Enquirer: 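Mind having a look at this structure? Questions to follow.
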Protein chains: 2
Amino acid sequence: MTPATTAAAGRPAPRGRIDKRQAILDAAFAVFARRGYAQACVQEIAEEAGVAKPTVYNHLSDKENLFRHAVVAAADLVMAENLAVVERLRDPGDDLRAGLEDVGYRLLKVCCGQRASALRALTYAQLATFPDLAEVVQGRTAGRLGEALADRFARLALAGRLRAADPARAAEQFLALLTGPMEARSRLGTRAVSAAETREVAGAAVDTFLYAYGAMDQGPPASHCDPVATRAAVIGSSAVMSSSSSAGDNAS
Amino acid sequence: MTPATTAAAGRPAPRGRIDKRQAILDAAFAVFARRGYAQACVQEIAEEAGVAKPTVYNHLSDKENLFRHAVVAAADLVMAENLAVVERLRDPGDDLRAGLEDVGYRLLKVCCGQRASALRALTYAQLATFPDLAEVVQGRTAGRLGEALADRFARLALAGRLRAADPARAAEQFLALLTGPMEARSRLGTRAVSAAETREVAGAAVDTFLYAYGAMDQGPPASHCDPVATRAAVIGSSAVMSSSSSAGDNAS
DNA sequence: ATTACTTTGAACTCATGGGTTCAAGTTGGG
DNA sequence: CCCAACTTGAACCCATGAGTTCAAAGTAAT
């Protein structure tokens with residue numbers, strides 16, 4: 001279905017009418033992501049798509065249009081991945097904490113992946129030029145994701161596995177607890193974050209989330225009951241002014 | 001040393017050597033914020049600063065340099081505001097929840113203000129072109145802010161007003177609970193969020209935060225104990241698929 | 001007033017790149 | 001075989017804007 005998804009392979013271009021359009025959109029997103037909107041030139045996009053410049057203008061009238069379509073397409077791709085992950089909460093195992101940590105970890109992997117990072121950067125970058133794009137992208141990603149999560153949380157609450165509370169708020173905060181710390185640690189997506197650290201962030205998010213939204217029957221998380229960890233935290237707190245960073249000290 | 005920190009006032013330009021430099025930096029940030037890096041032209045910045053174009057190049061060698069200095073200056077301004085807010089936690093009143101809500105609300109006002117939004121947008125926008133800028137800005141804003149918050153939380157924990165836990169993690173999550181939902185609701189800063197909604201976000205963040213990090217002595221928040229509110233949330237959860245938004249239902 | 005320095009405006013150079021044009025193919029269907 | 005539609009490459013037009021040059025003028029301190 002997408003024979004040119006790889007794009008810009010050595011082939012000098014198999015003339016004819018294949019999926020030029022799709023190839024162009026893929027190449028466009030790649031180039032925009034790499035260079036930014038203003039610095040990306042249509043010529044380069046055409047080359048990366050294995051297509052001539054006029055062909056680009058033939059399919060997508062101008063640069064702005066090209067950009068919008070490429071961004072929306074990428075947003076839909078990211079969203080599909082995220083929704084697939086959230087579906088896993090439809091039947092969490094006996095261990096809700098483990099299930100949430102798994103979902104959290106997978107969401108983080110998607111949200112900090114190449115596509116999602118580039119998408120966020122591009123959207124932010126063009127806030128000044130195309131303010132409406134923020135709404136479109138947000139509506140196709142965060143919005144739907146929040147709704148899907150809220151759906152799952154609502155069912156879990158009815159099943160007595162989460163406290164009865166506004167599921168929309170729970171979803172909103174669950175996502176915030178995941179992505180907020182990740183954004184900081186990945187320096188807005190410029191630094192790679194190890195799987196271990198990602199897992200740690202997910203674990204911390206789920207801990208806090210379950211404190212607030214967990215049903216009564218599940219005790220506090222193991223890491224918080226561990227007297228050693230707790231002691232260390234308290235000791236560390238008095239020395240926090242002198243130490244520059246406390247990340248990566250010890251995982252759960 | 002900085003007599004013209006106010007800068008760029010309406011004055012049609014009192015010829016001579018005042019603090020052209022500061023005026024230029026202020027104007028630069030304003031124009032960059034309004035147009036984005038690539039679309040901002042030095043000519044316009046010069047005009048806005050009430051200065052001739054060569055003067056700009058005289059003080060700051062080229063456009064990139066101008067941008068970097070302007071962004072860093074703005075970051076420091078935002079940071080100063082944030083630190084001042086966090087200082088209020090040095091002596092919270094008897095009501096810790098109220099104190100945290102107050103600080104949360106004020107932090108949100110700063111982080112969603114004109115400068116902070118523009119700063120975030122500009123930083124994201126130039127990730128592709130100046131990847132190192134992310135680190136610099138992050139280090140001057142989120143980094144310091146997190147440390148300052150962690151300091152306050154550490155003291156509160158020692159005083160027995162928060163649970164003994166890693167203060168850095170608590171700070172990280174407190175900020176995430178505040179800014180995450182706000183970013184979504186303000187559409188990345190493109191939409192104005194009412195004071196009431198901002199307060200609601202702060203309240204929700206503090207609720208969740210205290211569930212996870214509060215000392216035992218403070219019961220769950222009033223809004224969560226209110227049987228009416230709880231019932232409403234449960235009822236709402238079964239209808240969550242049909243209703244589009246649950247924002248603005250009821251504040252604390 | 002003289003000197004040393006900065007600012008100014010305006011014109012200029014030059015590179016980049018969006019978008020178009022066009023003649024010469026290439027493709028596929030009838 | 002031929003026509004219509006599409007693609008191609010290459011050249012082209014033109015707007016924008018970074019960065020420079022320079023002579024004239026303002027400013028400050030001596």
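Predicted, not measured: the structure shown is a model, and the values here were computed from it. Chain naming here is simple, since letters A, B, ... match the order of the sequence lines and numbering starts at 1 in each.
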Enquirer: Between Thr55(A) (side chain only) and Val51(A) (backbone N and O only), is there a donor and an acceptor less than 3.5 Å apart?
Expert: no
Enquirer: Using every non-hydrogen atom in the two residues, find where Gly189(A) and Ser117(A) come nearest and quote the distance to one decimal.
Expert: CA-OG, 4.3 Å
Enquirer: Measure the distance from CZ on Phe67(B) to C1' on dG19(D) and round it to the nearest whole Å.
Expert: 19 Å
Enquirer: Provide the closest heavy-atom pair for Arg68(A) versus Leu133(A) in the form atom of the first, atom of the second, distance.
Expert: NH2-N, 4.3 Å
Enquirer: CZ of Arg21(B) versus C1' of dT7(C): gap in Å, rounded?
Expert: 17 Å
Enquirer: Please report, rounded to the nearest Å, how far the P atom of dT8(D) is from the OH atom of Tyr57(A).
Expert: 15 Å
Enquirer: In whole Å, I'd like the distance from the NZ atom of Lys20(A) to the P atom of dT26(C).
Expert: 13 Å
Enquirer: Describe, in one word, how the ring planes of Phe67(B) and Phe130(B) are oriented to each other, choosing from parallel (under 30°), tilted (30 to 60°) and perpendicular (over 60°).
Expert: tilted
Enquirer: Given that Pro54(A) and Gln43(A) both sit by DNA chain C, which one's nearest nucleotide is further toward the 5' end?
Expert: Gln43(A)
Enquirer: Separation of Gln39(B) atom CD from dG17(D) atom P, in whole Å?
Expert: 9 Å
Enquirer: Touch check for Ala38(B), heavy atoms < 4.0 angstrom, all strands: base, sugar-phosphate only, or nothing?
Expert: nothing
Enquirer: Want to settle it: does Asn58(B) or Ser61(A) sit nearer the 5' end of DNA chain C, counting the closest nucleotide to each?
Expert: Asn58(B)
Enquirer: Of all the nucleotides listed (dG19(C), dG17(D), dT7(D)), which has the minimum atom distance to the side chain of Thr55(A)?
Expert: dT7(D)
Enquirer: What's touching nucleotides 11-16 of chain C from the protein side, N or O pairs under 3.5 Å?
Expert:
none

Enquirer: If you compare all heavy atoms of Ala118(A) against all heavy atoms of Ala33(A), which two are closest, and at what distance to 0.1 Å?
Expert: CB-CB, 3.5 Å
Enquirer: Which part of the nucleic acid does Ala46(A) contact within heavy-atom distance under 4.0 Å: base, sugar-phosphate only, or nothing?
Expert: nothing
Enquirer: If you look only at pairs with a residue in residues 131-152 of chain A, which of them pass as a ring pair (Phe, Tyr, Trp, His ring centres under 6.0 Å), with sequence neighbours excluded?
Expert: none
Enquirer: Please set out all donor-acceptor pairs under 3.5 angstrom arising from side-chain atoms of residues 35-42 of chain B, sequence neighbours excluded.
Expert:
from	atom 1	to	atom 2	distance (Å)
Arg35(B)	NE	Glu44(B)	OE1	2.9
Arg35(B)	NE	Glu44(B)	OE2	3.4
Arg35(B)	NH2	Glu44(B)	OE2	3.0

Enquirer: Think His59(A) has a side-chain N or O under 4.0 angstrom from the OP1 or OP2 of dC6(D)?
Expert: no
Enquirer: Quick one: Asp62(B) CG to dT20(D) P, roughly how many Å, whole number?
Expert: 8 Å
Enquirer: Take atom NZ of Lys63(A) and atom P of dT20(C), then tell me their distance rounded to the nearest Å.
Expert: 14 Å
Enquirer: Figure out the CD/P separation between Glu47(B) and dG17(D), and round it to whole Å.
Expert: 12 Å
